[in-house]
2 protein chains.
Amino acid sequence: MTRPKFPIETIRRLPLYLRCFNRLIVLGKDTLTSKELAEFLEVNPGQIRKDFSYFGDFGTRGVGYDLRELVKEIRSILRMDRDWNIAIAGIGNIGNALLDHINFNQPGFRIVCAFDQDPSLVGTNVRGVNVHSLEEIEETLDGQTVPLGVLAVSDVDAREVAEKFVGGGVKGIINITPICLNMSEEIEIVHMDLSSELGRLVYQLEND
Amino acid sequence: MTRPKFPIETIRRLPLYLRCFNRLIVLGKDTLTSKELAEFLEVNPGQIRKDFSYFGDFGTRGVGYDLRELVKEIRSILRMDRDWNIAIAGIGNIGNALLDHINFNQPGFRIVCAFDQDPSLVGTNVRGVNVHSLEEIEETLDGQTVPLGVLAVSDVDAREVAEKFVGGGVKGIINITPICLNMSEEIEIVHMDLSSELGRLVYQLEND
DNA sequence: TTGTGTGAACTGATTCACAGCA
DNA sequence: TGCTGTGAATCAGTTCACACAA
């Protein structure tokens, strides 16, 4: 890796910036100042400049940033210059919603296979994606390159399915279950937990 | 507020702890050491002790923490000693999944009304919850106490619906759309954005 | 002993203020 | 003059190490 390390919080903001840029480009805008973007996103303009400064010198003093250059740079930092295959396990309510959302609203990411424990789903095709049984995870993933997995199975299956993902070559997991996975060091886990967020929201309401 | 302010990151961990405790209590466990919990959740035992120390003196040196006392305390900090009514807007794929998940797997939280723009859904009842049109948000919420809203509508409607939530008395919003809301100061927003998490995951994979 | 409770050191992120370039 | 780029100051969270209670 020749590129310098960015703060992880900066990385998490980049997709938000990107979406904003794309909308502005469509509207015919070419350049953008940190102040403008800060107003859109309700953040501190200094933070925006600091974030962009990690890229190198992209701005022009007195003018602002070139939108198209920013887009190009961010896409390259986020490795959106290639396609990312994703496996999903659990296509109940949430799994289905995510399958749909990722394949139709997340350019650069593509769910290529799905797994579920329900025998009536196995063998079917859900919006272009074949559904296999949970037992077939490793053999199905074995031939292809699928570095990402979305874990949306029931609580009891979570740990076992996560292990199978790893056995099939998955390196990073989006964990939608409420279970805390403890996997080996080299597997990256992102835990999206609604109860954490509800808890935080209520606490913030009650404590100004 | 007489209680001291807790770090927000501690608050976000409490629901995770709570779930762990409840499972252990069912298994017949009465006390727990910071080391044991740290192994379950793969975190630093010092962090657990620090988190618990904000509560006051709950542990017994040489023994550990009383599980039931911890549960009681955390439930009180998270204000789970009362019920939290929630409104949801947008009951497409994701909205439906969340409605289900909250009403059947999130004790203490209850979705009491739903809103959607699709006329064929308005007037129906989805798993016990009546669906109204987006225009009816304010009048529907007006009579009842609904401090929380889940925003799962399409991008174009996001801002307008958020404003209607606020008009109906909502104080905190879980924003599932990719749109950055900029609301007035006193409204709390939690933005759950899949693309941020996918971006972060990919970056972590590619940068060790 | 054992495991809590906590000040002190550290690490990371945000904010600020201003020098410097177009 | 306007807006970037950035060091310095601040703030928040985590880790460490150890005193001390059961």
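These figures come from a predicted structure and were not determined experimentally. Chain identifiers are assigned alphabetically (A, B, ...) following the order of the sequence lines, protein sequences preceding nucleic acid strands; residue numbering begins at 1 within each chain.
The residue Arg13(A) sits close only to the backbone: its heavy atoms come under 4.0 Å of sugar-phosphate atoms, none of a base. Heavy atoms of Phe52(A) sit nowhere under 4.0 angstrom from any nucleic acid atom. Here Thr10(B) lies out of heavy-atom contact (under 4.0 Å) with every strand.
Not a single donor-acceptor pair under 3.5 Å links the side chain of Arg79(B) to the backbone N or O of Tyr203(A). Judged purely by atom type and a 3.5 angstrom limit, Asn85(A) has no side-chain atom pairing as donor or acceptor with the backbone of Val112(A).
Residue Lys35(B) is the one, among Val43(A) and Lys35(B), whose nearest nucleotide of DNA chain C lies closer to the 5' end (criterion: closest heavy atom).
In this structure, the salt bridge (Lys or Arg N to Asp or Glu O under 4.0 Å) partners of Lys29(A), at least two apart in sequence or on a different chain, are Glu36(A). Remark: Glu42(B) engages Asn182(A) in a side chain to side chain contact (heavy atoms under 4.5 Å, CB included) (not counting sequence neighbours).
In this structure, Ile11(B) atom CD1 and dA12(D) atom C1' are separated by 15 Å, rounded to whole Å. Atom pair Phe6(A):CZ and dT11(C):P shows a separation of 22 Å (rounding to whole Å applied). Distance NZ (Lys5(B)) to P (dC11(D)): 16 Å, rounded to an integer number of Å. The CD atom of Glu9(A) sits 13 Å away from the P atom of dG12(C) (whole-angstrom rounding). The distance between atom CD1 of Ile48(B) and atom P of dC16(D), rounded to the nearest whole Å, is 14 Å. When rounded to the nearest whole Å, the span between CG of Leu70(A) and P of dT4(D) equals 10 Å. If you measure from atom CD of Gln47(B) to atom P of dA9(C), you get 20 Å, rounded to the nearest angstrom.
The side chain of Asn44(B) approaches dT15(D) more closely than any other nucleotide in the set dC16(C), dT15(D), dT4(C). Side-chain proximity of Ile8(A) to dT6(D), dT6(C), dA13(C): nearest is dA13(C). With distances taken from any side-chain atom of Thr33(A) to the nucleotides dC3(D), dT6(C), dA13(C), the minimum falls on dC3(D). With distances taken from any side-chain atom of Asp57(B) to the nucleotides dG5(C), dG5(D), dT14(C), the minimum falls on dG5(C).
Around CD of Glu160(B), the count of heavy atoms belonging to other residues, nucleotides or ligands within 6.0 Å does not exceed 12. Environment of CZ in Phe58(B): crowded, with over 12 heavy atoms of neighbouring residues, nucleotides or ligands closer than 6.0 Å. Environment of CZ in Arg110(A): sparse, with no more than 12 heavy atoms of neighbouring residues, nucleotides or ligands closer than 6.0 Å.
Between Tyr65(B) and dG5(C), a side-chain N or O to OP1/OP2 separation shorter than 4.0 Å is present. Dashed line: the shortest gap from a side-chain N or O of Ser34(B) to OP1 or OP2 of dT4(C) is under 4.0 Å.
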Next item on the list: For each nucleotide in nucleotides 17-22 of chain C, reading 5' to 3', give B when a protein heavy atom comes within less than 4.0 Å of its base, S when such contact involves only the sugar-phosphate, and - otherwise.
Entry: B-BBBS
